[in-house]
Amino acid sequence: MKANHQKYIVALLSAFILAMVATPTISAKTLVLGLNITNYDGNKIKVNPGDTISITAGDRDHLRICNIHGDSLNPVTIINGPGLVKVGTTVTHFAVIIDDCSFFRFTGTGDPQYKYGIKIWRTPYGRNGLSIDGTSTNYEIDHIEVCRTGFAGICANPKPDCDDRINRGNFVRRNTEFHDNYIHSTAGEGLYIGHSFYEGYTITCDSVPVLKYPHELHGVKIYNNIIDSAGYDAIQVGCATKGCYIFNNKITNYGTGNVQDQKYGIILNPGTGGECYGNSIIKGTGTGIGIFGIGDNKIYNNLIVNPGYPLSDTMTTTRSMGIFCDDRFLIENPSFKIINNTIVSPKGDGIRFYSTKTHNNQISNNVILHPGTFGTYGSWEAPNTCYVNTKNAVDAQITNNYYSNVQPGENMISNADSLYNFCKLLPIVDAGMDVSLFGITTDFFGVDRAINGISDIGAFEYPVGTAQLQRAQSIKIIPRNSIGELYIYSEKKEKIEAISIYQLSGQLIMRLTPQCDNISIPVDSKLNSGIYLVCVNTENDECKSKISIYSQRQPL
């Protein structure tokens, strides 16, 4: 027994020694990047995995960081020191550029007094705020403010080169994250991630035009960013063939430049797959979400409000859609899923789906309100063309969508909370199809979709009992918008003694005493489009309900 015990001790000590030799301890250090330094080169300054580069607070004209490499377990952290780092230039071609770096985090979280501890506030015409170039890969960009740039706010789309160093087949950009950044007032895109021309880009090499192919992106996450007043698209992603997720971003006033084909809230360029969900896209000159991806795209739980409208009195815009999808570069046996989105007042169609090369597409559980093309299509078109517009050859299941031409007031759609309160007045609770089959388990706010086993329509899921309480009433108030009437009846066949209809401001619009158990009120001759509080009384029952109606009658 004693000999065996000694052998065990020897074996344990040997394993410990081998482990120490095989896994060397990294001694991380902090390096200071002073105000006088404009070029920080890892080939000249020794930076090890796990080190921190602290950028001295204060104003500087520009900054280039290159050849910095961490590893998968010990990234290099590049962070503002105590205070605010401000970078702004009018003379150089960049403000901040990160070139040929890997396994790093560039973050503005160095001082708790500043949510965005690094601010890039000015660049010349045609120049980006933050550019991530060359073979840079495996990185995280967060808590950066970028504004007043001559082109994109944050740009990570290196063009193919003549020596093929970063071209497809030789390089893949992996595991990149852009989150919790504030980007505003840019001349170009807010976030421009990945190249736009997956199927080839022509460059000149030795005076000869050559078609080159940009590298792919594997593993892209873009989330929790605030993007306001981007001149072009708020978020543009291309060549992200694997693991792309765009979620929980707040986008407002996009496409301020009003440049054709450069004014999407979010655009998924050719070569891009993955999921786009939980984004709030409110007011812009172009389409809310453009889908030109590889065909495994899933678009769900997004709020899209007022896409395609001018942002100033002097601006004119063309008709744009809530969501637009067509065929670009596709994978084998592709299908698109457009599910549980809420689209309000697009200047054009709610959803225009023109992808004819895909199969088994799904357009379901979407709320679409007040499309600008309502009533503009001729009698030869299907009656719901303005809500979901498809070509004859489209293979899609279109089901459980809610369509209405009611136009909410601006105060009802100014943000996600107000839109949530407005939509709960619609007959969408427990009216959706089961979306767990598509891997959709939560709503815009992260609420469980299967909370009572039935999904609601639109981006929001409402508490258990919302629909049941409505159904429990013996008095039914039903807007029949398709035939222009409000229908009210008593399931108990009791005489309706009084009907009072109020504006939400409290002003009485109409009072009736029908003395019968059912009544139809013509909408066109009585009420404008909007939300009303309807109070109905019988001898033994009372019902109060907010209802949404629309009419062709113009407001006085």
Euclidean distance, N170 CG relative to T135 OG1, rounded to 0.5 Å: 12.0 Å
Aromatic ring pairing F336/F353, orientation class (parallel under 30°, perpendicular over 60°, tilted between): perpendicular
Residue K212 excluded, over 12 heavy atoms near NZ under 6.0 Å: yes
Smallest separation among heavy atoms of K159 and I166, with atom names: O-CD1, 3.3 Å
Option among R174, R173, R105 that satisfies the side-chain hydrogen bond (donor to acceptor under 3.5 Å, both in side chains) test with Y139: R173
Plane angle bin for Y277 and Y300 - parallel if under 30°, tilted between 30 and 60°, otherwise perpendicular: parallel
SB check D100 R165 (cutoff 4.0 Å): yes
T107 side, atom OG1; I141 side, atom CD1 - distance, nearest 0.5 Å: 9.0 Å
R328 to F292 six-membered ring, cation-pi geometry met (6.0 Å, 45°): yes
Geometric class of the F324/Y354 ring pair [parallel <30°, tilted 30-60°, perpendicular >60°]: perpendicular
Inter-residue atom distance N302.CG - I343.CD1, 0.5 Å rounding: 9.0 Å
H69-F103 aromatic ring centre distance below 6.0 Å: no
Qualifying residue, where the test is side chain to side chain contact (heavy atoms under 4.5 Å, CB included) with I289 and the options are I323, N279, I267: I323
Test of ring centre spacing under 6.0 Å for Y232 and Y192: no
Whether N366 side chain and T342 backbone form a donor-acceptor pair below 3.5 Å: no
Flag side-chain contact, heavy atom, 4.5 Å: T109 against I79: yes
Whether H215 and F171 hold their rings parallel, tilted or perpendicular, with breakpoints at 30° and 60°: perpendicular
Mutual orientation of the aromatic rings belonging to Y182 and H184 [parallel < 30°, tilted 30-60°, perpendicular > 60°]: parallel
